[in-house]
Amino acid sequence: MKVNVVSRSGRDVVKGGIELNDSATVSDLQDVIYRQTKKYYPSRQRLTLPVQPGSKEKPVILSSGKKIQDYCDADTNNLTVVFKDLGTQVYYSTLFFFEYLGPLVIYPIFYYLNLYSYLGFKGERVIQPVQTYAMYCWCFHYFKRIMETFFVHRFSHATSPLSNVFRNCSYYWSFGAFIAYHVNHPFYTPVSDLQMKIGFGLAFVSQIANFYCHILLRNLRSPSGKGGYQIPRGFLFNIVTCANYTTEICQWLGFNIATQTVAGYVFLAVAAFIMTNWALAKHRRLKKLFDGKDGRPKYPRRWVILPPFL
Ligand SMILES: NC(=O)c1ccc[n+]([C@@H]2O[C@H](COP(=O)([O-])OP(=O)(O)OC[C@H]3O[C@@H](n4cnc5c(N)ncnc54)[C@H](OP(=O)(O)O)[C@@H]3O)[C@@H](O)[C@H]2O)c1
């Protein structure tokens with residue numbers, strides 16, 4: 001069979017097309033494209049079926065494990081696929097490692113080094129107990145996320161565009177510096193002892209719960225690394241679709257109750273906004289996948305992320 005590989009503007013990506021045998025998979029096609037172009041390795045490639053000009057339909061993405069024949073009409077032995085270069089890719093673990101390393105390193109710099117003296121603050125800096133606990137709580141959180149990245153999560157995609165490293169690092173590193181600056185400031189005013197204990201208590205319990213949610217998500221996939229989505233069940237997943245995000249939000253709420261800075265609450269609001277949008281998309285995807293039709297199970301009734309509101 002012959003496969004024509006064209007760009008979105010209709011230009012040939014591989015001149016003259018590619019001849020493949022009838023049992024070839026999308027993954028075989030991607031390997032040939034890489035051999036011919038010498039630049040676009042498989043994880044850089046997004047292959048879709050062409051859509052009619054003006055159509056509002058989303059193009060069908062070719063799945064690497066499937067046979068090319070599955071995408072051809074029964075009476076033809078020809079296929080045109082649209083190629084998109086996703087840009088330089090990095091492993092997901094690399095992306096997450098760098099985005100979490102920033103806050104893990106930046107926060108203690110503000111705690112241990114008296115940077116404020118260079119910013120014009122004279123006099124002795126007295127470190128309050130809440131500032132010490134906040135530093136431990138913060139570092140534990142990001143250390144846990146790095147460990148989970150390498151030893152817990154089973155990602156469905158191996159790689160992500162390099163540009164995401166810069167975008168995500170800007171987000172985590174700048175918020176890390178913003179919060180660390182305020183919580184460790186020499187003029188920082190601690191909250192009451194009781195409020196601090198309630199806050200850190202909530203943060204601690206939420207981090208443990210968040211870790212447990214990640215274990216439950218991990219167990220939805222086999223170690224073979226095959227993607228695919230299952231209905232998350234057990235613990236808080238019996239109530240909300242994205243229990244891991246719910247516990248993440250509770251952890252930052254606890255941190256902010258204990259430390260009480262505007263910077264911390266701004267981060268909480270932004271993070272909650274991002275996670276809510278992602279949770280809505282994940283909830284929609286699971287409801288669509290598990291629609292109760294053709295023998296598929298029906299997705300149970302659940303809140304999305306923040307019961308009883310959403
Ligand atoms: N502070 C913030 O701004 C912020 C923002 C986002 C996340 N976080 C934290 O980072 C953690 C990880 O974030 P994330 O967005 O990567 O979480 P996530 O999308 O819920 O995924 C965690 C892991 O579980 C897998 N997974 C999720 N739902 C699944 C299902 N139904 N069936 C099978 N596998 C499933 C995911 O696979 P895929 O690879 O297919 O996705 C991924 O490997 C969060 O839980 C949260 O603690 C913090």
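One-based numbering, in listed order, for ligands and for the atoms of each.
- With rounding to the nearest 0.5 Å, the separation of NE2 in His157 from CG in Leu86 is 10.5 Å.
- Of all protein heavy atoms, the one closest to atom 8 (N) of ligand 1 is Arg145 NH2, 3.3 Å.
- Within a 6.0 Å sphere centred on CD of Glu19, heavy atoms belonging to other residues, nucleotides or ligands number more than 12.
- A donor-acceptor pair under 3.5 Å is absent between the side-chain atoms of Tyr100 and the main chain of Lys144, judged by distance alone.
- Looking from atom 31 (N) of ligand 1 to the surrounding protein, the closest heavy atom is Gln230 O, 2.8 Å.
- Looking only at heavy atoms of the protein, atom 30 (C) of ligand 1 is closest to Tyr229 CD2, 3.5 Å.
- When only non-hydrogen protein atoms are considered, atom 27 (C) of ligand 1 lies nearest to Leu217 CD2, 3.9 Å.
- When side chains are defined from C-beta on, Thr259 counts as touching Asn256, because their heavy atoms get closer than 4.5 Å.
- At a 3.5 angstrom cut-off on N or O pairs, His214 counts as close to ligand 1.
- For Arg285 and Tyr229, the positive end sits near the middle of the six-membered ring, less than 6.0 Å away and at most 45° from its axis.
- Looking only at protein heavy atoms, the nearest one to atom 6 (C) of ligand 1 is Trp278 CZ3, 3.3 Å.
- When only non-hydrogen protein atoms are considered, atom 46 (C) of ligand 1 lies nearest to Glu248 OE1, 3.2 Å.
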